[in-house]
Amino acid sequence: MKDLNLVPTFLWCLLLFPLHKAVANGVTPEETKQLRDEVREMFYHAFDGYMEHAFPLDELRPLTCEGEDTLGGYALTLIDSLDTLALLGDRERFTASVEWIGKNLRFDINKTVSIFETTIRVLGGLLSAHLIASDYATGMRIPSYDNELLDLAEDLARRLLPAFDTPTGIPFGSVNLKYGVDEHESKITSTAGGGTLTLEFGVLSRLTNDPIFEQVTKNAVRGLWARRSKLNLVGAHINVFTGAWTQKDAGIGTSIDSFYEYLLKAYLLFGDEEYLFIFQEAYSAAMHYLYNDPWYVEVNMDSAAIVWPLFNSLQAFWPGLQVLAGDIDPAIRTHTAFFSVWKRYGFTPEGFNLATLSVQHGQKSYPLRPELIESTYWLYKATRNPRYLDAGRDIVASLQYGARCPCGYCHISDVEFHKREDHMESFFLAETVKYLWLLFDLAVGPDNLVENGPYKYIFSTEGHLLPATPQISLLQEHCSYFGAYCNRDSLKEEPNASDKSADSQETNGSRVSDGWVRTRFPLDSSSFKASPVSGLIKGLCPGLTHAQKYGISYLASVDTPHEDNSAKQKDIVVKSQAIVVVSDQISNQSLSGDGNDNNVKESTEREPESDPSQS
């Protein structure tokens with residue numbers, strides 16, 4: 001597997017510095033502009049259909065031109081569409097929508113809602129729109145706006161908090177917005193459902209100066225990760241009271257996907273290195289046990305035995321995540337494989353059996369999911385390879401020919417026969433057309449908030465724009481320094497008796513060596529001033545295990561035999577380096593206060609991300 005220790009540097013280089021302009025061989029510059037405008041028209045065909053025929057109900061029935069409440073009965077599609085309106089520069093409709101929501105939306109209702117869906121769609125939509133509407137730098141500031149959306153977001157999040165009151169810290173899957181968790185509520189939840197909340201809740205904590213939201217979601221991630229297998233794999237479903245896995249199938253798709261996604265993105269947005277360490281370990285395990293180049297399979301989390309040779313459509317986010325992680329080559333191969341399924345049927349079915357090379361029985365639908373389009377956008381952004389514009393053009397053609405309905409775009413209930421279903425998920429407007437528009441706008445010469453705005457943005461798993469503003473990303477920033485060296489002896493950290501080892505220490509199956517280790521960050525740190533690194537990156541040194549650093553009890557530990565091959569050891573050092581971080585948070589919690597080097601804590605690295613019924 002490739003060296004992935006350049007994760008944060010690669011991403012921020014990608015975001016900060018535009019690459020050369022190119023247009024696909026098959027897509028002329030004029031056609032690229034036409035495709036961008038066509039995607040814009042697709043958005044308004046669906047958005048106008050919703051506003052005319054469904055609003056203020058949650059979602060649109062695009063065949064019959066009616067509305068339906070599907071989540072909570074609070075204009076879900078409008079909330080999910082807010083930042084897309086802003087991205088398209090539609091000040092008039094963005095302003096009108098924000099003002100209507102501020103005046104009319106209330107969450108004091110007797111509705112039992114999904115924690116996961118409500119967080120990523122509603123809470124994320126409100127926070128993203130608030131951050132755009134309240135900031136002159138975005139160019140979409142609403143003069144009359146007075147934090148109404150932020151107040152609504154805080155009220156909603158407080159109504160979700162009772163779900164986190166479990167022995168494991170992993171939340172229930174559902175909660176009643178008025179009465180809390182029902183006594184008969186299921187104690188089983190998905191890994192993605194419990195581990196895909198950190199971005200939205202973390203941003204809310206930083207905007208309201210109330211740490212409770214960030215704390216409960218971080219505890220949920222810790223609760224899941226502490227119960228991983230010896231192979232560093234997590235299952236699909238878990239009992240939130242006992243912590244026992246009720247489904248031990250490990251994969252990167254349904255029920256797990258966005259757990260990986262939010263590990264990396266939480267680090268990128270908040271600079272919290274704990275998420276990076278977990279991500280790197282989880283990613284290495286996924287690439288070792290789940291990756292059958294170029295496909296991914298599902299395996300038993302304890303034995304790694306293959307249980308499901310299936311491509312499911314939610315896996316399609318993975319190449320995009322790999323772009324953010326800087327692991328481009330496997331991302332390219334996997335995207336090619338995934339897109340071949342789209343080419344075969346015109347859409348990606350929910351399940352494609354890799355053993356029979358046919359649509360999986362009972363998984364023939366395509367509910368307008370954005371994941372493949374999302375990965376297409378990120379791969380074009382990273383490589384400028386013209387094939388991704390060709391792919392985008394094919395996707396637009398499929399949607400226009402097969403899914404366009406009188407008032408919007410329909411689910412495809414059977415990809416083999418292109419049967420339509422009278423439903424349009426809100427994420428079609430929040431993500432599917434958003435990533436398509438961004439793809440073509442990038443090729444034309446970007447002129448939008450994401451590519452040319454005042455901040456670098458992290459996309460939530462619902463495609464909502466979360467900016468790396470100082471208030472969000474540099475909350476605990478002290479200083480950052482790239483290119484330093486460090487030496488174990490200089491750290492002056494007295495190990496516990498259980499931590500003492502010889503000249504080299506093996507942590508979670510990866511060997512790190514003693515002595516001087518050269519950082520892979522460039523000496524010139526001026527290019528990375530916007531990087532949301534929390535604390536002082538002092539170099540790459542041998543590290544403590546994640547458990548040693550953060551005190552998380554590992555319910556399943558790894559016993560790895562000690563090897564003494566110096567040549568192999570030297571090779572692995574390059575692949576598994578450690579970042580030494582001094583942060584204000586650590587200083588406040590565990591340091592002596594004298595400002596010397598015993599403030600330094602260590603930890604090893606590795607990497608991966610997505611989400612269940614979402615997009």
Side-chain angles (χ1 to χ4, degrees), residues 50-51 54-59 67-83 94 96-134 142 145-166 171-183 185 189 193-194 196-217 220 425-427 429-430 460-462 464 466 613-614:
Y50 166 76
M51 293 301 294
F55 175 77
L57 300 180
D58 280 339
E59 292 179 323
E68 58 181 334
D69 278 335
T70 54
L71 186 62
Y74 31 57
L76 171 64
T77 296
L78 181 62
I79 297 172
D80 230 0
S81 303
L82 289 174
D83 61 1
F94 177 70
S97 300
V98 168
E99 290 177 345
W100 185 92
I101 291 170
K103 292 176 182 177
N104 296 280
L105 194 63
R106 297 294 178 268
F107 294 114
D108 185 22
I109 54 178
N110 183 15
K111 291 273 189 177
T112 298
V113 299
S114 161
I115 294 290
F116 171 77
E117 296 292 352
T118 303
T119 296
I120 65 170
R121 300 199 199 196
V122 183
L123 184 60
L126 292 173
L127 289 172
S128 178
H130 160 74
L131 288 162
I132 295 170
S134 62
I142 300 175
Y145 180 72
D146 190 26
N147 294 337
E148 291 89 350
L149 301 192
L150 179 60
D151 294 339
L152 284 168
E154 183 177 5
D155 176 60
L156 174 60
R158 292 197 185 281
R159 296 176 185 277
L160 302 181
L161 285 179
F164 293 86
D165 186 15
T166 66
F172 287 98
S174 301
V175 67
N176 187 284
L177 293 177
K178 194 167 187 176
Y179 301 111
V181 179
D182 186 87
E183 61 179 337
E185 177 64 34
T189 194
T196 311
L197 312 168
T198 49
L199 292 189
E200 293 83 0
F201 275 71
V203 167
L204 183 61
S205 275
R206 290 157 192 251
L207 295 179
T208 61
N209 295 317
D210 188 340
I212 184 63
F213 307 110
E214 188 167 4
Q215 288 173 353
V216 295
T217 53
E425 293 274 5
S426 66
F427 59 67
L429 296 176
S460 76
T461 195
E462 186 73 8
H464 291 308
L466 301 176
S613 60
Q614 189 278 24

Next item on the list: For the pair Asn110 and Asn176, evaluate side-chain contact (heavy atoms from CB on, under 4.5 Å) and give the outcome as yes or no after the intermediate values.
Entry: CA-CA 6 Å; Asn110 183 15; Asn176 187 284; 2.8 Å; yes
Check: Could you walk me through whether Arg121 and Leu76 pass the side-chain contact (heavy atoms from CB on, under 4.5 Å) check?
Finding: CA-CA 8 Å; Arg121 300 199 199 196; Leu76 171 64; 3.8 Å; yes
Notebook entry, point to check: Could you go step by step and tell me if Thr208 and Glu154 meet the side-chain hydrogen bond (donor to acceptor under 3.5 Å, both in side chains) rule?
Noted result: CA-CA 8 Å; Thr208 61; Glu154 183 177 5; 5.0 Å; no
Item checked: Intermediate values then yes/no, salt bridge (Lys or Arg N to Asp or Glu O under 4.0 Å), Asp155 and Arg106 -> CA-CA 9 Å; Asp155 176 60; Arg106 297 294 178 268; over 6 Å; no
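Around CG of Asp165, the count of heavy atoms belonging to other residues, nucleotides or ligands within 6.0 Å does not exceed 12.
Interatomic distance, Ile120 CD1 to Ser114 OG, rounded to the nearest 0.5 Å: 8.0 Å. Between the CD1 atom in Ile132 and the CD1 atom in Ile142 there is a gap of 9.5 Å [rounded to 0.5 Å]. Atom CG of residue Leu156 and atom CG of residue Leu177 lie 6.5 Å apart, to the nearest 0.5 angstrom.
Using a cut-off of 4.0 Å between Lys/Arg side-chain N and Asp/Glu carboxylate O, Asp210 and Arg158 are scored as salt-bridged.
The nearest pair of heavy atoms linking Leu82 to Ile101 is CD1-CD1, 3.6 Å. Closest approach of Ser134 to Tyr145, counting heavy atoms only: CB-CE2, 3.8 Å. Thr119 and Phe201 make their closest contact through OG1-CE1, 3.5 Å (heavy atoms, listed as atom of the first residue, atom of the second, distance).
The side-chain heavy atoms of Leu207 and His130, taken from C-beta on, include a pair separated by under 4.5 Å. Taking the side chain as every heavy atom from C-beta outward, Glu68 and Leu57 never approach each other to under 4.5 Å.
In terms of modelled atom types and a separation under 3.5 Å, the side chain of Asp80 and the main chain of Ala430 share no donor-acceptor contact.
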